[in-house]
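Working notes for the structure below.
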Amino acid sequence: AQSVTQPDIHITVSEGASLELRCNYSYGATPYLFWYVQSPGQGLQLLLKYFSGDTLVQGIKGFEAEFKRSQSSFNLRKPSVHWSDAAEYFCAVATSSGNTPLVFGKGTRLSVIA
Amino acid sequence: NAGVMQNPRHLVRRRGQEARLRCSPMKGHSHVYWYRQLPEEGLKFMVYLQKENIIDESGMPKERFSAEFPKEGPSILRIQQVVRGDSAAYFCASSPRSSTNEKLFFGSGTQLSVL
């Protein structure tokens, strides 16, 4: 069965600094990978996804992620963090692009300080 | 085009009572998923439904939990005889007829608190 590990429970960065959130997955075949963001009291919003093709994917709000098969990783990055980026970030994996349930990591909480 | 609507936003129940959580998918969406988020945990899949059919309930507890998505009206997640361990945020997601994970939209969730 597939699984997702987000090693960092909580990260604090200064506004304007760069950000990298780590995600490692376990799945034998080609994974379908997602990053979601959850603001307090809100549902999840899709930031970006990887299905195939270019391993560097661009998402909304200036986020990008890189799929590295050799490292089973799909880390999320942003060059310059804004205070409004403070939220919970979830990495997820699916076994297909269709109606297979997503398997989520436990999330990384991002705090942004001035 | 309204998003996925869940109600109530917060639900408080005493042990032994029933909890009914409602989810209205986005317009044109005929696929509904329910996920549960325990404190300090990621979302865990519970059940996947299409109109009038349960497609995958592999994540549902065997007892006390049930889900439906009738031809008309919202999808309902029903928890009978709630216990404190049922306290969690329950999220619904919907996708359109073309049904792909890239078109999955989440609601804001229902926070269930069991006293």
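Numbered from 1 within each chain, the chains take letters A, B, ... in sequence-line order.
Put simply, B:L115 and B:V83 are part of two different groups of oily side chains (I, L, V, M, F, W, Y) that touch within less than 4.5 Å, one to the next. Linking Ile, Leu, Val, Met, Phe, Trp and Tyr whenever their side-chain heavy atoms come within less than 4.5 Å puts A:L46 and A:Y32 in one cluster. Cluster membership check: B:I54 shares its hydrophobic cluster with B:L21, using side-chain heavy-atom separations under 4.5 Å among Ile, Leu, Val, Met, Phe, Trp and Tyr. Hydrophobic clustering of Ile, Leu, Val, Met, Phe, Trp and Tyr side chains at less than 4.5 Å, counting indirect connections, unites A:L47 with A:F74.
Expressed to the nearest 0.5 Å, how far CZ of A:F34 lies from CG of B:L104 amounts to 8.0 Å. Separating the NZ atom in A:K106 from the CD atom in B:Q37 is a distance of 12.5 Å, to the nearest 0.5 Å. In this structure, CZ on A:F104 lies 5.5 Å from OH on B:Y35, to the nearest 0.5 angstrom.
Nearest heavy-atom pair across A:Q42 and B:F91 is O-CE2, 3.8 Å. A:F90 approaches B:E41 most closely through the heavy-atom pair CE2-O, 4.2 Å.
Heavy-atom pairs under 4.5 Å with chain B were tallied for A:Q6, A:Q38, A:Q45; the largest tally goes to A:Q38. By number of non-hydrogen pairs under 4.5 angstrom with chain B, the leading residue of A:V103, A:I9, A:L44 is A:L44.
Using a 4.5 Å cut-off between heavy atoms, B:Q111 makes no contact with chain A at all.
Residue B:R15 places its CZ atom among 12 or fewer non-hydrogen atoms of other residues, nucleotides or ligands, all under 6.0 Å distant. A 6.0 Å sphere centred on CD of B:Q17 holds more than 12 heavy atoms belonging to other residues, nucleotides or ligands.
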